[in-house]
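The structure under discussion appears below in the form of structure tokens.
Just so it is clear, the model here is predicted, and its values are computed rather than measured.
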Amino acid sequence: MRLFRRSLDLSLATPRAGTPDDLTAVQRLLRNSVHRYTSYPSPHLPSLLAGAPAIVLSAGREIWGAAVAGWSIETSAWIRVLTLADGMFVGPSLDMLMPAFHELLLARQVQHLFYAGDEAADRWVQPSLLGCGYVRETDVVVYEKTDMVVPAAGNPAVRLRHAEAVDLPVILAIDRDCFAAQWNKDESALGPALCEVPYFVVAELAGQTAGYAFATTHFAGRLVHLVRIAVLPSFRSRAIGVRLLADVVEFARGCGAETLTLNTQAHNTQAQRLYEWFGFRRTGEQQVVLRYDLALNDT
């Protein structure tokens, strides 16, 4: 524990584009600083600094701050890293860091930037971003089910099977059709999931792939988390979502799970009706999602 922290003179810092050479310094910030936020699988930071939009606050040979975006999907991207060195004042530091970050993103054709933090990060990130012109997009709410009862089995004509690597292109297409760009899962998320998660199925009807679902297990199977469930718009109202959800519940029961959880956007009332009919209940936990429209605010 540091008893004394040096104050850093922001006038000595300059924002510049991040490079792979900054990896060690950014990792050190994320490991040691009080003000740090990350939202990416841990092995991905080198690849993000190698190609995704990134800005650092450079003071000589030192890095005092960093903002890194994820890979954009269409014209949307998410903040994946935001960190400041101890001794930096948050407001003035982000006032210097974020405009340069926004300018770089706009040059990469990104028009909408999103942030969804955790409770610790929100205490310092959220007020500053709201002060920079970010707006509240939605809330992500958490549901849980503890009884593993299945109220209906869904469409019996639907065939469920384990997803394979060859299914990835059609799964990516389904995801694009079912969700707004900022919520799409790209190949870097869905590709590894196909091989690594214990439950990943596709739903077929009349020989066509109509949807998919995947879930992860935690705490030796006592908790199952439904990461994704999606049905193509052209196949909806045929109880395919019910069929998928029933199978997920059966999987959780087979794992001996005590709790099955999922997240959804607060505005997705249609999905919430399905979940609540299945016995899911809100936990009261929620995550605030912020949006910044670069084309509107930075032109």
Closer than 3.5 angstrom, by distance alone: can the side chain of Asn263 be matched with the main-chain N or O of Val140 as a donor-acceptor pair? no
Taking atom CD of Glu276 as the centre, does the number of heavy atoms from other residues, nucleotides or ligands within less than 6.0 Å exceed 12? yes
Using only atom types and a distance under 3.5 Å, with no angle test, would you say the side chain of Asp9 pairs donor to acceptor with the backbone of Ser11? yes
The test is side-chain contact (heavy atoms from CB on, under 4.5 Å); show your working for Leu244 and Val248 and say whether it passes. CA-CA 6 Å; Leu244 282 166; Val248 173; 5.5 Å; no
In this structure, would Leu129 and Met88 fall into the same cluster of hydrophobic residues linked by side-chain contacts under 4.5 Å? yes
So do the side chains of Leu94 and Leu84 get within less than 4.5 Å of each other, counting heavy atoms only? yes
To the nearest 0.5 angstrom, please state how far the CZ atom of Phe179 sits from the CZ atom of Arg228. 4.0 Å
Who are the side-chain contact (heavy atoms from CB on, under 4.5 Å) partners of Val149, not counting sequence neighbours? Lys145, Asp147
Does Phe280 share a hydrophobic cluster with Val150, counting links as ILVMFWY side-chain heavy atoms below 4.5 Å and allowing steps through other members? yes
Under 4.5 Å between any side-chain heavy atoms of Lys185 and Val227, yes or no? yes
From Ile174 CD1 over to Leu232 CG, what is the distance, rounded to the nearest 0.5 angstrom? 4.5 Å
N/O donor-acceptor pairs under 3.5 Å from side chains in residues 191-214, not counting sequence neighbours:
from: Tyr199; atom 1: OH; to: Asp247; atom 2: OD2; distance (Å): 2.6
from: Glu204; atom 1: OE1; to: Arg159; atom 2: NH1; distance (Å): 2.6
from: Glu204; atom 1: OE2; to: Arg161; atom 2: NE; distance (Å): 2.9
from: Glu204; atom 1: OE2; to: Arg161; atom 2: NH2; distance (Å): 3.1
from: Tyr212; atom 1: OH; to: Asp175; atom 2: OD1; distance (Å): 2.5

Kindly give the heavy-atom pair with the smallest separation between His112 and Asp293, and that separation in Å. ND1-OD1, 2.8 Å
Closest approach of Gly70 to Pro53 (non-hydrogen atoms, all atoms of both residues): O-CD, 4.2 Å
Hydrophobic cluster membership, with links at side-chain heavy-atom distances under 4.5 Å among I/L/V/M/F/W/Y: are Leu106 and Leu97 in one? yes
Check: Thr83 side chain, Gly65 main-chain N or O, donor-acceptor pair, under 3.5 Å: no
Do side-chain atoms of Arg291 reach the backbone of Glu137 as a donor and acceptor pair under 3.5 angstrom? no
Under 4.5 Å between side-chain heavy atoms, counting indirect links through other Ile/Leu/Val/Met/Phe/Trp/Tyr residues: same cluster for Val110 and Trp183 or not? no
Shortest non-hydrogen contact from Val166 toward Pro169: O-CD, 3.4 Å
In Å, rounded to the nearest 0.5 Å, how long is the span from CG of Leu226 to CG of Leu245? 6.5 Å
Report the distance from atom CG of Leu57 to atom CG of Leu10, rounding to the nearest 0.5 Å. 7.0 Å
Note: Leu23 and Pro46 closest approach over all heavy atoms is CD2-CG, 3.9 Å
With side chains defined as the heavy atoms from C-beta onward, is the minimum distance between Thr146 and Glu258 less than 4.5 Å? no
Can you list the residues that meet the side-chain contact (heavy atoms from CB on, under 4.5 Å) rule with Cys132, with sequence neighbours excluded? Asp95, Tyr134
Not counting sequence neighbours, which residues clear side-chain contact (heavy atoms from CB on, under 4.5 Å) with Ala17? List them please. none
Find out whether Phe278 and Leu260 are in side-chain contact, i.e. whether some heavy atom of one side chain is under 4.5 Å from a heavy atom of the other. no
The test is side-chain contact (heavy atoms from CB on, under 4.5 Å); show your working for Leu82 and Met98 and say whether it passes. CA-CA 10 Å; Leu82 196 57; Met98 298 309 289; 4.0 Å; yes
Minimum side-chain heavy-atom gap Val90-Arg123 below 4.5 Å: no
If we ignore hydrogens and angles and just use 3.5 Å, is the side chain of Arg236 paired with the main-chain N or O of Val231 as donor and acceptor? yes
What pair of heavy atoms forms the shortest contact from Leu30 to Arg36, and how long is it? O-CD, 2.6 Å
Quick check against the 3.5 Å criterion: does Arg243 have a side-chain atom that pairs as donor or acceptor with the backbone of Gly154? no
Shortest non-hydrogen pair, Ala50 vs Pro20, comes out as CA-CG, 3.7 Å
4.5 Å side-chain heavy-atom contact, Asn155 and Val242: no
In terms of hydrophobic clusters joined by side-chain contacts under 4.5 Å, are Ile73 and Leu113 together? no
Atom pair OG1/CD of Thr261 and Glu285 - distance to nearest 0.5 Å: 9.0 Å
Provide the full list of side chain to side chain donor-acceptor pair (under 3.5 Å) pairs with a residue in residues 71-82, sequence neighbours left out, each pair given once. Ser39-Arg80
Compare all side-chain heavy atoms of Ile63 with those of Arg16 and state whether any distance is below 4.5 angstrom. yes
To the nearest 0.5 Å, tell me how far Leu294 CG sits from Leu105 CG. 6.0 Å
Which residues satisfy the side-chain contact (heavy atoms from CB on, under 4.5 Å) test with Ala121, sequence neighbours excluded? Tyr37, Tyr115, Asp118, Trp124, Val125
